[in-house]
Asks: 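Take this structure first; my questions come after.
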Amino acid sequence: SVRAAAIAKWLSDRAFIIFFVHVVVLEHVRFSSAIRIATEHLPAGLVILLISLSTFLICGVIAAAIRLIPGASRVAG
């Protein structure tokens with residue numbers, strides 16, 4: 001569908017930035033107080049899913065913000 005193609009294009013344009021940013025974001029998310037609290041109250045599988053989705057969304061926002069900088073697409077893909 002057209003929507004799936006648009007999402008795939010958006011991800012493709014930002015994949016390089018997301019790749020480099022995800023390690024730092026993952027560490028911040030993993031050691032955040034919200035995840036520590038969630039670990040005490042939720043099953044491990046759900047916590048892993050929460051960490052993964054949070055990291056992906058934060059990286060997507062950072063990548064989109066970086067792409068707004070003039071000339072960033074030449075450096076960051």
Side-chain angles (χ1 to χ4, degrees):
S1 79
V2 175
R3 184 164 177 88
I7 292 171
K9 172 75 171 129
W10 187 91
L11 281 173
S12 173
D13 289 345
R14 287 150 185 84
F16 186 72
I17 301 169
I18 290 172
F19 173 74
F20 281 107
V21 182
H22 87 277
V23 175
V24 175
V25 173
L26 179 60
E27 290 301 310
H28 281 284
V29 169
R30 191 172 143 228
F31 293 113
S32 70
S33 57
I35 295 299
R36 261 187 241 131
I37 292 169
T39 303
E40 296 172 5
H41 301 290
L42 296 173
L46 199 55
V47 173
I48 292 169
L49 183 63
L50 180 65
I51 290 171
S52 300
L53 291 176
S54 300
T55 300
F56 176 73
L57 291 174
I58 293 168
C59 287
V61 169
I62 291 171
I66 289 173
R67 292 285 301 221
L68 292 175
I69 299 170
S73 61
R74 282 178 274 167
V75 175

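Throughout, residue positions are numbered sequentially from 1 according to the sequence presented.
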Asks: Apart from I69 itself, which Ile, Leu, Val, Met, Phe, Trp or Tyr residues share its cluster (side-chain heavy atoms under 4.5 Å, direct or through members)?
Replies: none
Asks: Please table the atom pairs, donor to acceptor, closer than 3.5 Å between any side-chain atom in residues 41-66 and protein atoms at least two apart or in another chain.
Replies:
| unit_1 | atom_1 | unit_2 | atom_2 | d |
| --- | --- | --- | --- | --- |
| S52 | OG | I48 | O | 2.9 |
| S54 | OG | L50 | O | 2.7 |
| T55 | OG1 | I51 | O | 2.8 |

Asks: With sequence neighbours excluded, what pairs up with S12 under the side-chain contact (heavy atoms from CB on, under 4.5 Å) test?
Replies: none
Asks: Pairs of donor and acceptor atoms involving the side chains of residues 29-37, under 3.5 Å and at least two apart or interchain, shall be tabulated with distances.
Replies:
| unit_1 | atom_1 | unit_2 | atom_2 | d |
| --- | --- | --- | --- | --- |
| R30 | NH1 | E27 | OE1 | 3.4 |
| R30 | NH1 | E27 | OE2 | 3.4 |
| S32 | OG | V29 | O | 2.9 |
| S32 | OG | I35 | N | 3.4 |
| R36 | NH2 | F31 | O | 2.7 |

Asks: Examine distances only and state if a side-chain atom of H28 and a backbone atom of V25 form a donor-acceptor pair shorter than 3.5 Å.
Replies: no
Asks: With sequence neighbours left out, which residue pairs that include part of residues 2-11 fulfil the salt bridge (charged side-chain N to carboxylate O under 4.0 Å, His left out) condition?
Replies: K9-D13
Asks: Would you call the rings of F16 and F20 parallel, tilted or perpendicular if under 30° counts as parallel and over 60° as perpendicular?
Replies: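 Correct class here is perpendicular.
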